[in-house]
Amino acid sequence: MPPTLASLVHHSTLKLTVRAGEGRLDTPVRWAHVSELADPVPYMEGGELLLITAMTLDTGDPDAMRRYVRRLAKAGVVGLGFAVGVNYEDIPPALVTAAEEEDLPLLEVPRRTPFLAISKAVSAAIAADQYRSVTAGFEAQRELTRAALTGDGPGDLLARLAAHVQGWAALYDASGAVVAAAPEWAARRAARLTPDVERLRERPAPASAVVGGSDDRVELQSLGTGRRPHGALAVGTAAPLGTAERYALHSAIALLTLTTERSRSLQAAEQRLGAAVLRMLLAGEPDHARAVAGDLYNGLLDAPYRLLIAEGAPGALQELSEALESGASRAGEMVLVIPEGERLVVLARDGGAAVAACTSHAAALETLRASAEPAGPAAEDDGIVIGQSAPAGTIAAASAYKQAEQALSVARRRGRILVEHEELAAGSVVPLLADDAVRAFADGMLRPLHEHDATGRGDLVASLRAWLSHHGQWDAAAADLGVHRHTLRYRMRRVEEILGRSLDDPDVRMELWLALKATSMS
């Protein structure tokens, strides 16, 4: 601890006596300063023990003494040392009274104690405190380094940091989610600071902020060396950090930053390996994929998985990647995330935390989109669309990839953020006909028939619809139209002549039926 007025009073060789301000002797002393000026305040920084002999003071004027003491107190002077036996045999009563009224500690310095001895005592105590702080800081650094090298994850490092600062510590990932906390109860406290961590992410690393409420004071520090932080560290304490505690904090920041950067390098290598595994799966070589994956991804390949393909702006893809990896990390689950230009290909365990994180992320974006004001094309370009396959195994990777691409295409057409392939398989093909390209094809195919009907020479479009809906049964279709079956036969021959296509061809009948359905939806 730094020297205090109490420690100076109890110093065996100084022989100081307290004459006022007994209740404030626990105040730390930054320095001991000698000044006989009538107004030394311009030369004070705060925290000083001012030593005087009152050579130039009007000690007989109570008002002058009150003004003098009041200015010292407002300037942050923590105490006044008065040398007796020099200019005065005792401390002047007006000065004692003024010190008592202002509650400013007033110490009587005996003649045999030179001011230099007090200055040396303060200096020695400050040096000893700094030495203890540096020594404690180096010890903390050694402990934290050992924890980083030998511990299982960041939990051990955070536990040692929390013990050194006598508070709590928490680590956040790039998305602002709490990765670990020490003690365990601090996880809930740390989670309430996620909005503050998200604001910190918007600033280039390294960045810091001090937040807190009635319970504690929290320092937030970003982690990472790049433009965008890769995580954050929170430290909560009851009071501002001292020198030793700050040494420990800076050591933890350096170690966690190093660990984070190393993790990113490993992550890049894992992504390259994952891309090779995916290529082998898509090429129908699951055995080779397993051999390359080794222990890293084999657990993922042993269970049913889903393939996800996302397209969007780089920032949106980065946020999705962070959400997926954060969800998987919290569950101790492996996920394969492969950036491919403006695409992100993901292989994740079916029913796992990563798939759930993707669904939650998409739902949050849908809610945000629904609540936002209508935006122009530029805003849409910044969005993201995701297609998700049905559950698959290693031998069906190519099919799962096609399913994800089909779902992605439908999501893009429908203006959805996420579409699962099961929606397509379980639903009807009819909604797909709402695509502009399909409607354009249908309009072009049926235009000659509509132009024929517009002249009043027959109702070929309605006749074609009735005939196709009754599966080519003449009597049923004619009855539905209220015409003779020979009339209907004549109309169908006219349809074939106008379109130049045979109704005996099942593909032609299918295309005409879908064209009729598409035009009826517009």
Side-chain angles (χ1 to χ4, degrees), residues 140-141 143-145 147-148 151-225 228-242 244-264 318-319 321-333 353-354 356-357 360-361 364:
Q141 187 179 49
E143 286 190 22
L144 294 172
T145 302
D152 185 15
D156 192 17
L157 187 151
L158 293 178
R160 292 175 184 267
L161 176 61
H164 276 288
V165 301
Q166 298 181 350
W168 60 269
L171 177 65
Y172 301 82
D173 63 16
S175 69
V178 179
V179 175
E184 291 185 5
W185 60 261
R188 181 175 299 179
R189 172 71 180 100
R192 297 201 298 269
L193 299 174
T194 295
D196 297 293
V197 175
E198 292 175 347
R199 283 191 289 273
L200 193 69
R201 288 177 57 202
E202 303 303 319
R203 298 161 54 187
S208 62
V210 177
V211 298
S214 58
D215 297 331
D216 55 10
R217 173 186 184 276
V218 183
E219 288 199 24
L220 297 176
Q221 300 280 345
S222 65
L223 302 176
T225 58
R228 186 180 180 89
H230 306 317
L233 173 66
V235 172
T237 53
L241 299 178
E245 290 83 2
R246 196 155 294 283
Y247 267 111
L249 174 60
H250 289 166
S251 297
I253 292 170
L255 290 167
L256 290 171
T257 296
L258 180 62
T259 302
T260 302
E261 293 299 324
R262 183 177 61 183
S263 298
R264 289 181 64 81
Q318 178 67 25
E319 288 183 0
S321 176
E322 291 173 356
L324 291 168
E325 292 174 353
S326 176
S329 175
R330 288 195 295 269
E333 175 183 303
S360 299
H361 185 72

For E198, does the CD atom have more than 12 heavy-atom neighbours from other residues, nucleotides or ligands under 6.0 Å away?
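Check passes, neighbour count above 12.
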Tell me whether Y172 contacts the main-chain N or O of A180 through its side chain, where contact means a donor paired with an acceptor under 3.5 Å.
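Answer holds: no.
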State, to 0.1 Å, how close [X] and [Y] come at their nearest heavy-atom pair, and which atoms those are.
| X | Y | answer |
| --- | --- | --- |
| L233 | A252 | CD2-CB, 4.2 Å |
| H361 | A323 | ND1-CB, 4.1 Å |
| A162 | A169 | CB-N, 4.1 Å |
| A234 | L220 | CB-CD2, 3.4 Å |
| Q221 | S208 | OE1-CB, 3.4 Å |
| A177 | S326 | CB-OG, 3.7 Å |

Can you list the residues that meet the side-chain hydrogen bond (donor to acceptor under 3.5 Å, both in side chains) rule with T237, with sequence neighbours excluded?
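If we apply the side-chain hydrogen bond (donor to acceptor under 3.5 Å, both in side chains) test to T237, skipping adjacent residues, there are no hits.
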Output all residues satisfying side-chain hydrogen bond (donor to acceptor under 3.5 Å, both in side chains) with R199, sequence neighbours left out; order by chain, then residue number.
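For R199, the residues satisfying side-chain hydrogen bond (donor to acceptor under 3.5 Å, both in side chains) (neighbours in sequence not counted) are D196.
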side-chain contact (heavy atoms from CB on, under 4.5 Å) between E325 and D173: does it pass, once the steps are laid out?
CA-CA 10 Å; E325 292 174 353; D173 63 16; over 6 Å; no
Determine whether W168 and L158 make a side-chain contact, defined as any pair of heavy atoms from C-beta on separated by less than 4.5 Å.
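W168 does not reach L158 side chain to side chain.
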Checking E219 now: which residues fulfil salt bridge (Lys or Arg N to Asp or Glu O under 4.0 Å) with it, not counting sequence neighbours?
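Listed in chain order: R217, R246.
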I need the L200 CG to L193 CG distance, nearest 0.5 Å.
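Reported to 0.5 Å precision, the distance equals 11.0 Å.
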How long is the straight-line distance from CG of D156 back to CG of L161, given to the nearest 0.5 Å?
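Separation between the atoms: 11.5 Å.
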Could you walk me through whether L171 and V178 pass the side-chain contact (heavy atoms from CB on, under 4.5 Å) check?
CA-CA 6 Å; L171 177 65; V178 179; over 6 Å; no
